[in-house]
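Remarks on the structure that follows.
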Number of protein chains: 2
Amino acid sequence: MERQALHPTKDRLLDAAEELFSDRGIDATSLRAVTSAAGVNLASVNYHFESKDGLVRSVFLRRLEPLNNERLELLDALEITAAGTAIELEAILDAWVLPALRMGQSPEGKRFKRLLGRIYSEPGDSLQTLLRELFGEILQRFSAAIGRTLPELSAEELMWRVHFMLGAMIHTVADQPSIRAFSGGLCDPSDIEGVRRRLIDFVAAGLRSPPAKKTTGQSPGTRK
Amino acid sequence: MERQALHPTKDRLLDAAEELFSDRGIDATSLRAVTSAAGVNLASVNYHFESKDGLVRSVFLRRLEPLNNERLELLDALEITAAGTAIELEAILDAWVLPALRMGQSPEGKRFKRLLGRIYSEPGDSLQTLLRELFGEILQRFSAAIGRTLPELSAEELMWRVHFMLGAMIHTVADQPSIRAFSGGLCDPSDIEGVRRRLIDFVAAGLRSPPAKKTTGQSPGTRK
DNA sequence: CCACAATTCAAACGAACGTTTGAATTAACA
DNA sequence: TGTTAATTCAAACGTTCGTTTGAATTGTGG
């Protein structure tokens with residue numbers, strides 16, 4: 001009897017929570033605000049999700065599980081068609097970026113992306129645990145695939161570059177309003193193809209940069 | 001009579017708040033936790049900072065104002081010594097990165113950096129306003145300087161790349177524990193020279209990547 | 001239609017929050 | 001030292017929070 005295809009109360013709670021969490025933040029959103037926005041009773045949250053933490057987890061899981069599954073399917077497809085031959089770096093990056101950008105096309109996807117960018121910097125233990133559960137395995141898979149296209153990189157160098165890559169990607173996926181304001185309306189974050197090409201070109205160039213180059217000339221050095 | 005070189009109570013509050021905000025987050029930290037950690041009376045916060053928001057602002061201002069001033073001084077020095085001739089891209093990036101990495105050497109700097117990464121994704125109006133106050137001007141200065149070294153880039157392309165750059169930098173400056181865990185201890189974020197060289201090389205390669213390249217072959221395309 | 005489980009509901013719980021108050025204490029300056 | 005302003009302090013304010021409770025309601029299978 002557990003959970004059917006869609007339980008109306010549960011889904012209304014998830015939708016309302018997602019919206020309010022995105023706008024005001026998780027801590028700043030009370031369960032009373034969520035339930036009244038969803039048009040359900042206050043006690044429903046604890047009945048269906050046990051606690052506020054449970055609601056938060058479900059909000060993230062609902063979107064991230066399908067998202068990461070799609071990423072893994074794309075990567076699987078790449079590795080199968082390649083069948084031992086080399087995979088292009090850009091194609092791997094695409095498998096990571098495209099599902100996230102596609103998600104952002106729908107209005108619900110947009111509001112979730114704002115929320116997603118926050119999860120990485122939220123200090124709550126519950127969310128950090130969830131992050132590791134959700135991204136631990138998939139990150140290793142993508143890192144390995146990227147590393148295979150860049151065999152001249154040491155493991156340490158590769159990890160650093162993947163770290164930088166994630167920074168650029170997270171910041172881009174999450175931070176839709178900031179680039180618009182910063183560029184004075186010049187950059188359009190809803191142009192998925194444009195964002196996709198630019199982000200992937202930028203990251204690919206960074207990943208491919210020749211390793212172990214020393215910093216050159218003109219450095220500011222130690223001052224004062 | 002206003003504020004002297006260092007007011008003991010004020011400084012103890014700022015130190016305690018910085019530490020607790022970094023560990024547990026701003027919303028999750030109560031003023032009672034701050035004041036008892038600082039060993040001062042609860043009402044001191046409202047007396048010295050008017051409100052919790054005022055305390056938060058002061059915590060950020062205390063570190064970010066000197067940090068951004070140092071960045072601007074380094075950029076000024078570069079532009080003066082160059083005197084019309086071209087400035088190396090890496091040197092500009094260094095002027096942005098180095099002060100932040102140096103700050104992270106001290107224990108207090110370390111804890112603040114964790115906090116700093118959070119400000120970008122916090123939804124509070126007060127913090128977002130502060131962010132624009134603090135980073136609006138300096139970002140324009142650095143973007144312009146970077147753009148001058150990459151004259152083949154359109155304004156739009158430049159803005160996007162600066163956006164990606166900021167993502168990589170923010171994620172790196174803020175997220176010290178994550179890279180260590182992700183790399184299984186292989187990467188050492190306290191090796192300032194290493195981080196500096198790797199981050200700058202990565203970002204410089206991304207910024208320099210030839211513009212308007214179309215995505216090639218193997219793309220996953222539309223599925224399902 | 002009845003028994004029974006699943007769900008919803010209004011109400012209340014105790015705890016913790018940011019802020020305010022007014023008296024007590026300390027420091028500054030004549 | 002006496003006067004006055006600056007600061008600290010204990011206590012309380014009113015509000016809001018997440019959670020719990022027990023009765024009312026709805027849905028379901030026999």
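As rounded to whole Å, 12 Å separates atom C1' of D:dT8 from atom CG of B:Leu13. Atom CZ of A:Arg12 is separated from atom P of C:dT7 by 16 Å (rounded to the nearest Å). Atom C1' of nucleotide D:dT7 and atom OH of B:Tyr47 are separated by 5 Å, given to the nearest angstrom. Remark: C1' of D:dT8 and CZ of B:Phe49 are 15 Å apart, rounded to the nearest angstrom.
Classification of the B:Trp96-B:Phe135 ring pair by plane angle, with boundaries at 30° and 60°, yields tilted.
The existence of a salt bridge linking B:Glu19 and B:Arg24 is excluded, since no basic side-chain nitrogen approaches an acidic carboxylate oxygen closer than 4.0 Å. Taking 4.0 Å as the cut-off between side-chain N and carboxylate O, B:Asp201 and A:Arg161 do not count as a salt-bridged pair. Using a cut-off of 4.0 Å between Lys/Arg side-chain N and Asp/Glu carboxylate O, B:Arg71 and B:Asp76 are scored as not salt-bridged. Contact check on A:Arg114 versus A:Glu18 returns no salt bridge, with no Lys/Arg side-chain nitrogen under 4.0 Å from an Asp/Glu carboxylate oxygen.
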Handout entry: Sequence-aligned protein contact record of nucleotides 16-21 of chain D, with B where the base is within under 4.0 Å of a protein heavy atom and S where only the sugar-phosphate is
Key = -BBBBB
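Contact annotation: A:His48 side-chain N/O to C:dT8 OP1/OP2 distance is under 4.0 Å.
A:Thr9 comes within 4.0 angstrom of sugar-phosphate atoms only, judged by non-hydrogen atoms across all strands, and of no base.
A 4.5 Å side-chain heavy-atom check between A:Arg198 and A:Glu193 finds every atom pair outside the cut-off.
A distance-only check finds a donor-acceptor pair linking the side chain of A:Arg118 to the backbone of A:Ser22 [under 3.5 Å].
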Problem - Watson-Crick and G-U pairing of DNA chain D written in dot-bracket, each distance under 3.5 angstrom, with | for inter-strand partners - result: .|||||||||||||||||||||||||||.|
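A centroid separation of less than 6.0 Å is found between the aromatic rings of B:His171 and A:His163.
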